[in-house]
Amino acid sequence: MKIETKCIQSGYTPKNGEPRVLPIYQSTTWKYSSTEQMGRLFDLEESGYFYTRLANPTNDAVAAKIADLEGGVAGMLTSSGQAACFYSIFNICQAGDHFVCSSTVYGGTFNLFGVTMKKMGIEVTFVDPNASEEELSAAFKDNTKAMFGETIANPALVVLDIEKWAKVAHAHQVPLIIDNTFATPINCRPFEWGADIVVHSTTKYMDGHATSVGGAIIDSGNFDWEASGKFPCLTTPDASYHGITYTQKFGKAAYITKATAQVMRDLGSIPSPQNAFLLNLGLETLALRVRQHCKNAMAVAEFLSHHEKISWVNYCSLPGDKYYDLAQKYLPNGSCGVISFGVKGGRSAAVTFMDSLKLAAIVTHVADARTSVLHPASHTHRQLNDEELKAAGVTPDLIRFSVGIEDQEDIIEDIRQALEKI
Ligand SMILES: *Cc1c(COP(=O)(O)O)cnc(C)c1O
């Protein structure tokens with residue numbers, strides 16, 4: 001099936017007489033008539049539902065749809081993108097281990113990896129996403145267990161050279177984990193470029209309507225944990241699961257089964273079935289919406305790049321952008337709806353522009369149907385002075401603009417009238 005068809009059809013196929021639309025199984029628990037059968041479920045000897053923290057039919061159907069969109073073997077939903085990023089690493093790293101991460105990842109991920117996981121004894125080295133193979137290799141240590149990066153970094157809009165990163169990761173026998181939130185599988189499927197695990201904040205384009213915080217982890221099934229020899233957590237018996245060895249019992253789904261059966265069982269960041277249902281509604285129109293976001297963002301980026309009151313524009317699909325060539329390779333059909341740009345006149349001009357917008361709403365969220373805008377110097381980074389902002393890579397004039405799916409002329413007209421107020 002083509003990706004547009006998968007958005008609608010994958011994950012849930014009703015049998016004769018069953019509801020056509022994915023039902024919300026808002027039940028914590030399932031009933032069985034024999035003690036023995038329930039025991040077999042607990043031993044993972046038989047598959048079946050018994051408790052929603054471990055598995056729920058609504059959540060599973062939506063995870064299966066996302067796995068199909070990405071071209072993976074299986075997936076798992078989490079209650080947030082943060083939980084997905086955390087679990088993706090914690091599933092294969094423990095205290096004393098180390099991993100390598102792009103320095104331009106989302107701020108929440110940067111903090112999770114650099115501060116919170118450090119307290120758990122898991123160490124990260126942040127590297128320049130544009131570093132050469134040699135420089136990337138130099139960040140590896142004997143205890144390095146993974147590499148992590150974002151297809152299109154939020155909000156830096158850096159496009160990752162996934163193929164290069166996968167080559168380096170595999171030369172060191174570790175998997176490459178890619179956060180594909182901004183690109184979505186409509187525009188890029190990282191497994192096709194050698195990535196092994198994909199994570200998402202489904203809160204953004206996948207949900208698309210700003211209703212449900214959520215995340216997902218998808219396993220390509222391609223990484224050979226046994227050949228690597230670096231992952232006894234997957235290749236030797238798990239005492240917490242009656243001595244199951246994940247690679248022997250679950251083969252290509254070893255990583256995702258462990259993430260579900262062990263990490264989720266113990267940490268419990270599941271989405272509610274209601275939220276999974278809402279996410280599924282968003283997924284049904286993902287291909288249509290992403291295309292409209294990209295078309296509108298391109299028109300906005302072109303308009304801004306020719307406007308006399310704009311000093312610079314970052315949008316990787318715009319010819320001349322620093323990441324244009326990488327975007328043409330990995331995102332030939334479009335990148336995302338998020339643009340950043342600077343207005344002439346610095347912080348105060350940026351504030352005047354923001355306050356003059358009528359259609360674009362000031363919100364912290366990005367990547368949903370409504371056009372929205374954020375001025376990091378006044379919002380997410382407001383405690384920093386101009387010098388500190390520069391060090392953080394956020395200039396006082398920087399505006400992050402998330403182009404929605406309204407009519408492109410209405411969006412551009414709103415920007416035009418707000419720029420006139422400066
Ligand atoms: C928003 C975001 C996250 C965090 O996801 P939440 O759903 O907000 O927890 C992680 N990675 C990227 C790229 C994001 O944009």
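This chain uses plain numbering: 1 for the first residue, then up along the sequence. Values reported hereafter were calculated over all heavy atoms of this structure, with side chains retained and with hydrogens, waters and symmetry mates removed. Whatever order the structure lists ligands and atoms in, that order sets their numbers, starting from 1.
- The distance from atom CD1 of I411 to atom CG of D414, rounded to the nearest 0.5 Å, is 9.0 Å.
- Other residues, nucleotides and ligands contribute at most 12 non-hydrogen atoms within 6.0 Å of the NZ atom of K118.
- The only member of F140, F113, F148 that meets ring pair (Phe, Tyr, Trp, His ring centres under 6.0 Å) when paired with F99 is F113.
- In this structure, CZ on F277 lies 10.5 Å from OG1 on T211, to the nearest 0.5 angstrom.
- Side-chain rings of F110 and F126 approach one another, their centers coming within less than 6.0 Å.
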Where does ligand 1 get N/O contacts under 3.5 Å from the protein, atom by atom?
unit_1	atom_1	unit_2	atom_2	d
ligand 1	5 (O)	S201	OG	3.1
ligand 1	7 (O)	G81	N	2.9
ligand 1	7 (O)	S201	OG	2.8
ligand 1	7 (O)	T203	OG1	2.6
ligand 1	9 (O)	G81	N	3.1
ligand 1	9 (O)	Q82	N	2.9
ligand 1	11 (N)	D179	OD2	2.7
ligand 1	15 (O)	N154	ND2	2.8
ligand 1	15 (O)	K204	NZ	2.6

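- A cation-pi arrangement is present between K204 and Y106 under the rule of less than 6.0 angstrom and at most 45 degrees off the ring axis.
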